[in-house]
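Everything below concerns the one structure shown next.
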Number of protein chains: 2
Amino acid sequence: MKYSHKLSDAVHILAYVDIFKGGDLSSRAIADSIESNPSLIRRLMSMLSKAGLLTTQSGSVSPKLSRPAANISLLNIYQALDDSTTLLHVDDKTNLNCPVGRNIQQTLDQAYQQVQTASENSMAQITLQGIIDDIVEREAQRN
Amino acid sequence: MKYSHKLSDAVHILAYVDIFKGGDLSSRAIADSIESNPSLIRRLMSMLSKAGLLTTQSGSVSPKLSRPAANISLLNIYQALDDSTTLLHVDDKTNLNCPVGRNIQQTLDQAYQQVQTASENSMAQITLQGIIDDIVEREAQRN
DNA sequence: GTTAGCTGTTACTTATATAGTAACACCATG
DNA sequence: CATGGTGTTACTATATAAGTAACAGCTAAC
């Protein structure tokens, strides 16, 4: 498999929608910016909508953020994607006839949950607004 | 690709080596516990050796932890694996002709670095000894 | 010295998750 | 009504991880 870029692309979509509000916000246009294809963008936009981060309407190009960018965190976006995804993955096929193999799955589940929580706490500190400000500031410094 | 189980398997190897010290510590035996194959185990053991976490000797079965399990953290093990691996991956193919596409890579690099740091700080708090104690305690509670 | 069993390494194949691609139903607008 | 869009589903391609095979060289027992 490839490394997942879903989170990056989802952030890209939301930032694009806010930065270019009033402009061409079609999935084609966003796909061009991401260098991906419209189908994937639409799939991601659907997930973002279902998670209450984006407002869209079937049949017309009119996406907008569901709430101010300052009230959307990286964690919100992360959780809008496939919920079962975690950052670290326990090997769930170990030999249950061996004391180490039999217990290590639950032990690592707990350890990885700690790491996951720390990651998510960190993501919760990063807002979409902060990301947008950074993009805008970097662009301003190029001129 | 598949989800990586390298970290889980590496922790499994180290825990196995400590818990079963004095027993059969061949890559075959460890592979049986992990339900994997000796080649992968040898590859991981090689990485752990190079990182100074495991002491091994070509030609004879004699692996041992290079230092006490209390002095080995999950972060040490994580870093012993392929160093370029991070938990989140910026999409590095975005349209540089678009202001969002042009800047979002560095912006997300920074955001993801914060998340990575938080994760690594959390991993640093988890010791191999703690993991081993948990495995041993779970096994004790089965009897 | 020989042999068996091991570690360490490399190369190739297979499995799987993600993204790419295609297509269709339905909606909105001119 | 036609065009251009969103939302959804299905299939294909691809990158990465693990599985598999094999070999060089080491160690230890006989």
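Each chain gets a letter, A, B and so on, in the order the sequences are listed, and its residues count up from 1.
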| request: Keeping the roles fixed (side chain from B/S122, backbone from B/A118), state whether a donor-acceptor pair exists under 3.5 Å. | output: no
| message | When you compare the side chain of A/H12 with that of A/S33, does any pair of heavy atoms fall below 4.5 Å? | response | yes
Please write out the pairs of protein N or O atoms and N or O atoms of nucleotides 1-3 of chain D separated by less than 3.5 Å, giving the distance to one decimal.
none

| task | Check the side chains of B/D24 and B/S26 for a donor-acceptor pair under 3.5 angstrom, ignoring hydrogens and angles. | result | yes
| message | Under a 3.5 Å cutoff, is there a donor and acceptor pairing between the side chains of A/D109 and A/Q113? | response | no
| Gap between atoms NZ and P, on A/K2 and D/dA13 respectively (whole Å) | 12 Å
| query | Can you check the A/L25 CG to D/dG5 C1' distance for me, whole Å? | reply | 13 Å
| request: Look at the side chain of B/S60 and the backbone N and O of B/S62, then say whether any donor-acceptor pair between them is shorter than 3.5 Å. | output: no
| message | A side-chain contact here means heavy atoms from C-beta on lying under 4.5 Å apart; do B/I126 and B/M123 qualify? | response | no
| remark: Here the residues of residues 29-44 of chain A within 4.0 Å heavy-atom distance, strictly under, of DNA chain C are A/S36, A/N37, A/S39, A/L40, A/R42, A/R43
| OP1, OP2 of C/dA28 versus side-chain N and O of A/S62: anything below 4.0 Å? | no
| For B/R138, all residues meeting salt bridge (charged side-chain N to carboxylate O under 4.0 Å, His left out), sequence neighbours excluded | B/D134
| request: Residues of residues 4-23 of chain B with any non-hydrogen atom less than 4.0 angstrom from an atom of DNA chain C: list those, numerically ordered, please. | output: none
| request: Can you check each nucleotide of nucleotides 25-30 of chain D against protein heavy atoms at under 4.0 Å and return B for base, S for sugar-phosphate only, - for none, in 5' to 3' order? | output: BBS---
| field | Whole angstrom value for the distance that separates C1' of D/dT6 from CE of A/M47 | value | 15 Å
| Distance below 4.0 Å between B/Y3 side-chain N/O and C/dT18 OP1 or OP2 | yes
| task | Answer yes or no: is there a donor N or O on one side and an acceptor on the other, between the side chain of A/T107 and the main chain of A/N103, under 3.5 Å? | result | yes
| request: Say whether, by atom type as modelled, one donor and one acceptor occur between the side chain of A/N95 and the main chain of B/D32 under 3.5 angstrom. | output: yes
| query | With distance as the sole criterion, is a donor-acceptor pair present between the side chains of B/E120 and B/Q116 under 3.5 Å? | reply | yes
| request: Describe the nucleic acid contact of B/S27 in one word from base, sugar-phosphate, nothing, applying a heavy-atom distance below 4.0 Å. | output: sugar-phosphate
| Regarding A/D91 and A/T94, is there a side-chain donor-to-acceptor distance under 3.5 Å anywhere? | no
| Is it true that the side chains of B/T127 and B/S73 contain a donor and an acceptor less than 3.5 Å apart? | no
| said: In this structure, how many angstroms lie between the P atom of C/dG8 and the CG atom of B/L48, rounded? | reply: 11 Å
| Which whole-number value in Å describes the distance from A/R28 CZ to C/dT21 C1'? | 12 Å
| remark: Whole-Å distance, A/H89 NE2 to D/dA18 P, equals 12 Å
| field | Proximal nucleotide (of D/dT6, D/dT16, C/dT9) relative to the B/K50 side chain | value | C/dT9
| request: Could you tell me whether the side chains of B/R67 and B/N76 share a donor-acceptor contact shorter than 3.5 Å? | output: yes
| message | Show me the pairs that pass ring pair (Phe, Tyr, Trp, His ring centres under 6.0 Å) and involve residues 18-56 of chain B, at least two apart or across chains. | response | B/Y16-B/F20
| remark: Whole-Å distance, B/K93 NZ to D/dA15 C1', equals 12 Å
